[in-house]
There are 2 protein chains.
Amino acid sequence: MKSVNIKDIARIAGVGVATVSRVINHHPDVKEETRQHILKIIEEYNYIPNNSARYLKRSESNDIGIIIKGIYNPLFAEMMQKIERILSQVGYTVMLHHHMDMAIRDMDVAQEFVKEKRLKGLICLGGDFEDVQTDEVRQMGVPMILTSALQNSSLDRNVYSSVGIDNEVAAFEIVDYLCTVGHQKIGIITTGEHDQSIGGRRTQGYMRALATHDIPKVDERFEVGDYTFESAYLAMKRLLEKAPDLTAVFAISDIMAIGAARAIREVGKTIPEDIALAGFDDIDYAAFFNPPLTTVKQPLETLSETTAELMIALLEDRSEHEHMMLQTTLKIRKTT
Amino acid sequence: MKSVNIKDIARIAGVGVATVSRVINHHPDVKEETRQHILKIIEEYNYIPNNSARYLKRSESNDIGIIIKGIYNPLFAEMMQKIERILSQVGYTVMLHHHMDMAIRDMDVAQEFVKEKRLKGLICLGGDFEDVQTDEVRQMGVPMILTSALQNSSLDRNVYSSVGIDNEVAAFEIVDYLCTVGHQKIGIITTGEHDQSIGGRRTQGYMRALATHDIPKVDERFEVGDYTFESAYLAMKRLLEKAPDLTAVFAISDIMAIGAARAIREVGKTIPEDIALAGFDDIDYAAFFNPPLTTVKQPLETLSETTAELMIALLEDRSEHEHMMLQTTLKIRKTT
DNA sequence: AACGTTACCGAAAACGTTTCCAATGATTAG
DNA sequence: CTAATCATTGGAAACGTTTTCGGTAACGTT
């Protein structure tokens with residue numbers, strides 16, 4: 001089971017190990033002839049350098065961590081796969097850490113993960129980083145990219161990157177659309193109200209749109225779920241109970257919109273005639289839902305690519321930390 | 001940026017590095033008092049052993065690879081996450097390798113992955129392993145678990161494990177159900193016919209059900225997609241064209257069933273009155289589809305758990321290679 | 001009192017790389 | 001022709017662990 005190592009290659013090729021190492025690492029200072037010879041032997045013996053040894057020596061890995069908090073969002077899974085693909089193309093490996101433990105600070109998880117795995121970079125899909133300190137991030141010593149913008153004024157923005165969308169604006173746009181087509185009594189199924197989480201920001205967009213159209217805020221039109229079908233189904237039932245005169249509902253995720261749809265149909269109302277329905281994310285399913293769901297499209301592809309490219313640039317020192325807001329687009333389909 | 005290592009701990013604790021190593025690795029032969037003392041220092045200095053060094057020395061890692069092949073199947077993403085959770089609880093790390101390259105042999109990808117990352121075990125979600133040789137698997141030197149049973153008679157079954165469902169039987173059951181409720185003209189949207197792939201097996205179940213009910217096989221009722229909404233939508237359109245008298249359709253994945261539904265509605269037919277529709281997988285969407293989709297439930301939870309547990313058992317030498325077929329269940333909902 | 005056990009511990013040799021340093025021969029400059 | 005530079009190479013020292021191999025001290029047994 002013992003595999004061939006650099007010494008074997010060196011011995012077989014009749015050169016020193018240093019030269020072999022140079023060839024492996026594409027150092028320029030080795031004669032072309034020698035290089036070819038060594039390359040041939042490497043090929044022939046199917047030699048693959050031992051990563052543990054390389055990492056040990058270089059005191060770093062080639063691994064980039066992705067932390068996903070909570071499974072609820074199918075977008076995360078997709079982003080992860082796309083990011084993985086790009087990163088692995090240029091030689092990095094991604095290590096996954098998925099957790100749902102709401103009790104523990106996400107920054108602590110991140111630090112532990114980076115340190116234990118000797119990660120070279122960290123990408124966080126979701127999670128709450130509102131309370132992190134500049135020093136904590138700096139201490140981690142590796143580039144960190146968050147996929148959700150945060151409003152943490154005490155955190156130095158030159159110490160991490162972020163790429164995401166403007167949740168407040170995107171939510172505003174779709175609710176604004178709902179208003180302009182005549183809806184006055186618009187419910188919302190969200191995850192929070194005043195905080196800076198994704199759900200909080202979207203709720204704030206909803207409220208601003210209402211305010212813009214001089215629609216008063218009424219508490220009965222507000223309900224909370226946890227990004228699952230089931231929770232939204234239940235939330236919608238409560239909404240229907242509390243505010244039977246609703247003409248439209250904005251759910252802050254497609255999943256929740258679809259969950260809500262079931263509750264709406266169960267009381268015999270139709271979409272969009274009796275109640276219009278809008279989601280958020282534009283997951284694949286949205287367009288194939290019956291009827292096709294009006295929603296906000298997250299630029300998934302760009303989001304993933306940008307994140308991956310930025311990480312690579314950061315690692316190669318070709319870039320400073322950046323904060324990007326990507327454009328969302330309204331997808332007006334048949335539920336409104 | 002230099003972090004504390006085992007020598008530092010040893011020096012600070014006033015012991016030899018060997019003793020510290022023993023403590024870290026839970027060896028019994030160290031005095032309780034000394035152990036506590038060292039533990040305290042480790043805690044205090046926030047020492048985390050360098051994995052590269054450990055792996056180098058032990059010439060193995062604690063990493064388990066998961067390979068996901070191909071089209072984005074929401075089931076795979078979920079399984080992966082569940083497996084990750086269990087494995088990480090007992091101290092393993094999972095490394096992800098996601099690829100869609102249809103041109104390359106899956107077994108070659110697997111071998112390369114295991115070797116390069118020094119993996120301790122490998123789990124393959126999807127992929128085609130029909131042509132692998134016993135020696136190839138053996139040569140890999142680590143336990144491998146496939147999540148789809150295969151019909152490869154030349155491959156020694158004691159050399160790998162598998163946990164999955166009986167695709168042929170499950171497909172038979174749902175099509176049989178379709179027949180017993182009176183359908184005669186049943187279309188299928190699948191991915192293949194005669195091969196031993198997942199799609200192939202399900203097609204074979206479909207055909208056996210038909211045969212059992214003395215329904216002749218007619219080629220016009222057969223169409224192919226690639227597990228995406230879009231492809232199934234197109235396939236269904238062709239089916240509607242070729243066989244306008246269809247009264248039921250079996251799509252071998254829920255995603256494809258949902259894609260097909262759109263085509264059906266587009267020609268003005270209703271589900272299930274005009275055409276009954278059955279899927280496969282029971283993804284979350286299925287129950288919340290409109291109308292709720294009849295399908296075959298894959299025991300996702302059990303599948304993931306069993307796979308993870310088996311891997312752990314295999315690694316700890318508590319188990320031989322096993323081949324498990326898990327039960328599926330018919331979920332009769334509103335599309336049939 | 002001598003001996004064998006046992007419990008505990010440290011020194012040092014690996015593990016497979018990368019990289020610094022020095023060495024060689026060849027080439028160019030003066 | 002000599003000195004200086006250059007291109008190319010190999011030796012050997014790290015990187016941070018684990019583990020083998022003894023060694024010491026304490027103890028119980030004759």
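Letters A, B, ... are given to chains in the order of the sequence lines, protein chains preceding strands, and every chain is numbered from 1. Just so it is clear, the structure is predicted and the values come from calculations on it, not from any experiment.
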Between the side chains of B:E136 and B:R105, is the shortest nitrogen-to-carboxylate-oxygen separation below 4.0 Å, so that they form an ion pair?
yes
Can a salt bridge be assigned to the pair A:D63 and A:R118 using a cut-off of 4.0 Å between side-chain N and carboxylate O?
no
Closest nucleotide of DNA chain C for B:R35 versus for A:S21: which of these residues is on the 5' side?
B:R35
Would you classify B:S59 as touching base, sugar-phosphate or nothing, given that sugar-phosphate means primed atoms plus P, OP1 and OP2, and contacts are heavy atoms under 4.0 Å?
nothing
Determine yes or no for a side-chain-to-main-chain donor-acceptor pair under 3.5 angstrom, with B:T307 supplying the side chain and B:L303 the backbone.
yes
C:dT18, D:dT17, C:dC9: which one has an atom nearest the side-chain heavy atoms of B:Y47?
D:dT17
Just how far, in rounded Å, is P of D:dA13 from CD1 of A:I6?
17 Å
Closest listed nucleotide, where the reference is the side chain of A:R58 and the choices are D:dT9, C:dT18, D:dT17:
C:dT18
Counting side-chain heavy atoms from C-beta on, which of D:dT9, C:dT19, C:dT17 comes nearest to A:R54?
C:dT17
A:D8 CG to C:dT17 C1': how many Å, rounded?
13 Å
Reading DNA chain C from 5' onward, which residue's closest nucleotide shows up sooner: A:T19 or B:A53?
B:A53
Within the structure, does a side-chain N or O atom of B:N5 lie under 4.0 Å from either OP1 or OP2 of D:dC15?
no
The nucleotide from D:dT18, C:dC15, D:dT9 with an atom nearest the side chain of A:R22 is D:dT9
Once you apply a heavy-atom cut-off of 4.0 Å, does A:N51 come out as touching a base, just sugar-phosphate, or nothing?
nothing
Does any N or O in the side chain of B:S21 come within less than 3.5 Å of the main-chain N or O of B:V17, such that one atom is a donor and the other an acceptor?
no
Could you list all N or O pairs between the protein and nucleotides 22-27 of chain D that sit under 3.5 Å apart?
none

From the candidates D:dT17, D:dT8, C:dC9, the one with an atom nearest any side-chain atom of B:K31 is C:dC9
Spatial distance of atom CG (B:L315) from atom OH (B:Y92) [nearest 0.5 Å]:
4.5 Å
Would you work out how much the helix from C:dA1-D:dT30 to C:dG30-D:dC1 bends between its ends, with each end axis defined by five base pairs, to 10 degrees?
50°
N-O pairing of A:E301 and A:K82 below 4.0 Å
yes
Classify the ring geometry of B:H323 against B:Y160: parallel below 30°, tilted from 30° to 60°, perpendicular beyond 60°.
perpendicular
Reckon B:T34 touches a base, only the sugar-phosphate, or nothing at all at heavy-atom distances under 4.0 Å?
sugar-phosphate
Which nucleotide in the set D:dG16, D:dA12, C:dA12 lies at the smallest distance from any side-chain heavy atom of B:L56?
D:dG16
Salt bridge or not between B:R35 and B:E32? Use side-chain N to carboxylate O under 4.0 Å.
yes
Mind checking if A:D29 touches a base, just sugar-phosphate, or nothing, with heavy atoms under 4.0 Å?
base
Is it true that the side chains of A:R54 and A:N25 contain a donor and an acceptor less than 3.5 Å apart?
yes
Are a donor atom and an acceptor atom from the side chains of A:T93 and B:K117 found within less than 3.5 Å of each other?
yes
Ranking C:dG16, C:dC15, D:dG10 by distance to the side chain of A:V15, first place goes to D:dG10
From the candidates D:dG10, D:dC15, D:dT17, the one with an atom nearest any side-chain atom of A:A18 is D:dG10
Picking from D:dT17, D:dT19, C:dT18, which would you name as closest to the side chain of B:K7?
D:dT17
